2 protein chains.
Amino acid sequence: MARTPRDVTERELAVLEVLWNGGATTIRQLTEVLYPGGRTAHYATVQTLLHRLEAKGCVRRERVCYLPSHHNKAQIYLAAIDRDELIGRRLRDMAEQLCGGSLTPLLTHLMRTRQFTAVERRELRLLIDDLDREKGKGKGDAR
Amino acid sequence: MARTPRDVTERELAVLEVLWNGGATTIRQLTEVLYPGGRTAHYATVQTLLHRLEAKGCVRRERVCYLPSHHNKAQIYLAAIDRDELIGRRLRDMAEQLCGGSLTPLLTHLMRTRQFTAVERRELRLLIDDLDREKGKGKGDAR
DNA sequence: CTACTCTAAGACAAAATGACTGACAGGTCA
DNA sequence: TGACCTGTCAGTCATTTTGTCTTAGAGTAG
């Protein structure tokens with residue numbers, strides 16, 4: 001009774017990584033990267049992974065498309081979300097489970113925990129400056 | 001082949017929550033909270049959950065201890081990690097999987113995504129100030 | 001002894017996950 | 001035409017997790 005399926009599985013993530021790195025490809029090419037010298041079985045595995053990813057909305061496919069190197073129609077798969085979106089998804093899930101939906105505890109944890117270098121601290125400050133400028137019309141009071 | 005077991009399961013988390021809220025207790029009391037009017041079966045379920053949590057290092061138990069209300073020895077369970085530690089654990093796992101171990105992408109995502117109020121932005125700034133003061137001896141190069 | 005509570009040790013089913021098989025369709029090229 | 005690729009789809013399969021529950025055993029009070 002593994003109740004809540006994990007957002008994206010380890011193996012599924014491996015597929016996504018390839019798509020993120022190499023752009024859209026066919027199952028065969030993905031198989032070649034993930035299981036070099038891939039046999040038919042591996043091909044099918046990648047196929048399954050892609051279908052599950054599609055069901056989760058992480059992958060799309062361009063329907064029919066003629067390959068240059070071969071003679072057959074093949075579908076082109078491409079990532080429907082990027083790494084950052086996946087990160088957001090996970091963070092939100094996590095906040096949901098552990099913090100009643102609020103992301104703030106996660107943020108403050110990171111702020112407290114991370115050992116920032118002076119440079120990083122400065123970058124953070126600049127980032128906040130950006131946010132201030134971007135939205136901080138009314139409330140502006142931070143010196 | 002669900003390969004990597006989840007850090008803490010949903011049901012396990014429910015147990016932890018009770019421990020976080022109410023402090024150390026016995027299995028029976030936990031059962032009463034989680035499954036009001038709990039039958040023997042529920043008792044055993046909580047028991048399993050606790051054992052699994054113990055194996056994961058999230059729970060400890062004070063061995064034998066005499067209860068006031070009853071006549072038998074019972075063990076007292078108590079949380080071995082708090083919510084914030086669990087958050088940290090998850091964040092680190094997540095960074096491991098998605099960001100090659102770096103927490104920075106998570107942080108910047110949160111910074112970009114969250115809609116901060118002016119007040120929150122100021123608090124963040126103050127937090128960074130603290131960090132500056134606290135560690136800002138050597139590396140000092142800001143500006 | 002009997003009744004009660006607790007604990008330990010596992011059995012169990014449903015579901016998730018990774019991996020795989022086989023049937024079938026359409027195109028190529030001898 | 002027909003053997004042969006290459007690709008798709010649908011479904012099977014074993015292992016593991018996860019939530020749940022049964023049972024046997026042990027200790028204590030009345």
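The model shown is predicted, which means the values in this text are computed figures rather than measured ones. So you know, we letter chains A, B, ... as the sequences are listed, proteins then strands, and number each from 1.
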Whole-Å distance, B:E12 CD to D:dT17 P, equals 12 Å

Sorted by chain and number, sequence neighbours left out, salt bridge (charged side-chain N to carboxylate O under 4.0 Å, His left out) with B:E96 holds for none

Taking D:dG19, D:dC21, C:dT17 as options, the one with an atom nearest any side-chain atom of B:R52 is D:dG19

Give the minimum heavy-atom separation between A:A79 and A:L16, together with the two atoms involved.
-> CB-CD2, 4.1 Å

Please give, in whole Å, the distance from C:dA9 P to B:L50 CG?
-> 15 Å

Nearest-Å distance, CZ (B:R11) to C1' (C:dA15)?
-> 16 Å

Specify the separation, in whole Å, of atom CG of A:L13 and atom C1' of C:dT17.
-> 14 Å

Given that B:T48 and B:Y43 both sit by DNA chain C, which one's nearest nucleotide is further toward the 5' end?
-> B:Y43

B:R61 has an atom CZ; how far is it from atom P of C:dA8, in whole Å?
-> 5 Å

Identify, with sequence neighbours excluded, every residue that meets side chain to side chain donor-acceptor pair (under 3.5 Å) alongside B:E123.
-> none

OP1 or OP2 of C:dT5 less than 4.0 angstrom from a side-chain nitrogen or oxygen of B:R28, does that happen here?
-> no

Looking at B:R125 and B:D130, does any basic side-chain N land under 4.0 Å from a carboxylate oxygen?
-> no

How long is the line joining CD of B:E54 and P of C:dA9, in whole Å?
-> 12 Å

Heavy atoms under 4.0 Å, any strand shown: does B:I27 hit a base, just sugar-phosphate, or nothing?
-> sugar-phosphate

Would one find a side-chain N or O of B:H51 under 4.0 angstrom from OP1 or OP2 of C:dA8?
-> yes

Mind jotting down which residue pairs meet the ring-ring contact (aromatic ring centres under 6.0 Å, His included) criterion with at least one end in residues 40-59 of chain B? Sequence neighbours excluded, please.
-> B:Y35-B:H42

Show each protein N/O and nucleotides 22-24 of chain C N/O combination with a separation under 3.5 Å, one pair to a line.
none

To the nearest angstrom, how far is A:Q75 atom CD from D:dG7 atom C1'?
-> 8 Å

Not counting sequence neighbours, which residues clear salt bridge (charged side-chain N to carboxylate O under 4.0 Å, His left out) with A:R90? List them please.
-> A:D7

What is the distance, rounded to the nearest whole Å, between atom CD1 of B:I76 and atom C1' of C:dT7?
-> 14 Å

With sequence neighbours left out, write down each residue that passes side chain to side chain donor-acceptor pair (under 3.5 Å) with B:T104, or none if nothing qualifies.
-> A:R114, B:S102

